Amino acid sequence: MAVTAEPPGGFPAGAADTGPAGWPASPQGGYPTSPQDGWPASPQGGYPTSPQDGWPASPQGGYPVTEPDRLTRFVLRLYERSPRWAVPLAAVGCVAVGMAYALVSDPTYADPDAAPTCLLKLTTGLDCPGCGGTRALWYVLHGDLPAAARHHFLFIFALPFLAYLFVAWAGNQAFGWRLPELRISSKVIGGFLAAWLAFSVLRNLPWAPFTAFYV
């Protein structure tokens, strides 16, 4: 924050003293410096600085800790009693369900309004930032990387990094593996998000070669 220097000779004391060009004139008689000049007086005895002066005292023994509800207690007990491989196994199950859905549904031949569908594309006809991701996954599972990149090449680019991060996390949680840590700086993440945003805009432009990105 820039600090404004005091004008030569101090601040003006009256309306007639306007100082250098650009300095506003002070009010008639100068600025107030005491309650008699216009500033509000402090309370009788000054402002409170302790509970005895007016601030409320904290309860005896401190503030009570809020007890968790039944659902929270159940989840915490379940987490504490479950083996260390349970959480990674549940995550693997979620990933497997997503892959199974892509394989069974075959999104490459699905109608545009087939459920579940992209609400943005259904209402506007525009590709959303994730449009083509399920079809790209389907082609990856069938080993057709060019077709997968054609539908969402940013997803294909990020897939190896996501897979490694997942394997490193799951292996550490379940078996105590210490795989080399993949360090991704905030600048790299910001650059990827900016590229994703640009890709989301370019793929909807109705001119070549951007029409090749439309899915």
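The first residue in the sequence is number 1, and the count goes up from there. Values in this document were obtained by computation on a predicted structure and should not be read as measured data.
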### Task
Report the C-alpha distance between Thr108 and Tyr139 in whole Å, list the side-chain angles of each, state the deciding distance to 0.1 Å, and finish with yes or no for side-chain contact (heavy atoms from CB on, under 4.5 Å).
CA-CA 9 Å; Thr108 58; Tyr139 283 114; 3.4 Å; yes
### Partners meeting salt bridge (Lys or Arg N to Asp or Glu O under 4.0 Å) with Arg135 (sequence neighbours left out)
none
### Task
Could you tell me how the ring of Trp196 sits relative to the ring of His152: parallel (under 30°), tilted (30 to 60°) or perpendicular (over 60°)?
perpendicular
### Atom of Trp85, atom of Ala174 and distance for their closest heavy-atom approach
CB-CB, 3.8 Å
### Query
Any side-chain heavy atom of Trp138 sitting closer than 4.5 Å to one from Thr134?
no
### Query
How far apart are the C-alpha atoms of Leu205 and Thr211, what are their side-chain angles, what is the distance that settles it, and do they pass the side-chain contact (heavy atoms from CB on, under 4.5 Å) test?
CA-CA 7 Å; Leu205 297 180; Thr211 51; over 6 Å; no
### Query
Has the side chain of Asn204 got a donor or acceptor atom that lies under 3.5 Å from a matching backbone atom of Asp127?
yes
### Query
For the hydrophobic clusters of this structure (ILVMFWY residues joined by side-chain heavy atoms under 4.5 Å, transitively), does one cluster hold both Leu182 and Leu179?
yes
### Query
Say you draw a straight line from OG of Ser186 to CD1 of Ile184; how long is it, rounded to the nearest 0.5 Å?
11.5 Å
### Query
Who passes side chain to side chain contact (heavy atoms under 4.5 Å, CB included) against Val87, sequence neighbours left out?
Tyr79, Trp169
### Task
Output yes when a side-chain donor or acceptor of Arg203 lies under 3.5 Å from a complementary backbone atom of Leu126, and no otherwise.
no
### Message
In this structure, would Val95 and Ile156 fall into the same cluster of hydrophobic residues linked by side-chain contacts under 4.5 Å?
### Response
yes
### Task
Quick one: closest heavy-atom pair of Val215 and Cys131, and the distance?
CG2-O, 3.9 Å
### Message
I'd like to check His142 versus Leu103 (side-chain heavy atoms, cut-off strictly below 4.5 Å). Are they in contact?
### Response
yes
### Within 6.0 Å of CZ in Arg178, more than 12 heavy atoms from elsewhere
no
### Query
What do the steps show when you test Tyr214 against Phe210 for ring pair (Phe, Tyr, Trp, His ring centres under 6.0 Å), and what is the final call?
CA-CA 7 Å; Tyr214 186 79; Phe210 307 116; over 10 Å; no
### Task
Establish whether Tyr101 and Leu162 are linked, either directly or via other cluster members, by ILVMFWY side-chain heavy-atom contacts under 4.5 Å.
no
### Task
Using the rule that two of Ile, Leu, Val, Met, Phe, Trp, Tyr join whenever any of their side-chain heavy atoms come within less than 4.5 Å, decide whether Leu120 and Val201 are in one cluster.
no
### Task
Report yes or no: do Leu193 and Phe213 belong to one cluster of Ile/Leu/Val/Met/Phe/Trp/Tyr joined by side chain heavy-atom distances under 4.5 Å?
yes
#### Entry: Residues that Glu181 engages under salt bridge (Lys or Arg N to Asp or Glu O under 4.0 Å), provided they are two or more places apart
Arg183
### Query
When rounded to the nearest 0.5 angstrom, what is the spacing between CZ in Arg77 and OG1 in Thr72?
10.5 Å
### Query
Roughly how far, to the nearest 0.5 Å, is the CZ atom of Arg84 from the CG atom of Asn172?
7.5 Å
#### Entry: Closest approach of Ala86 to Ser82 (non-hydrogen atoms, all atoms of both residues)
CB-CB, 4.0 Å
### Message
Can you confirm whether more than 12 heavy atoms, excluding those of Phe157, are under 6.0 Å from its CZ atom?
### Response
no
### Query
Is the shortest heavy-atom distance from the side chain of Leu154 to the side chain of Phe192 under 4.5 Å?
yes
#### Entry: Trace of the side-chain contact (heavy atoms from CB on, under 4.5 Å) decision for Phe166 with Val92
CA-CA 9 Å; Phe166 179 79; Val92 170; 3.6 Å; yes
### Task
Would you name the heavy atoms of Leu137 and Gly98 that are closest together and state the gap between them?
CD2-O, 4.3 Å
### Which atom of Pro88 lies closest to which atom of Gln173, heavy atoms considered
CG-CB, 3.4 Å
### Query
If you look at every heavy atom in Ala148 and Val140, which pair is closest and at what distance?
CB-CG2, 3.7 Å
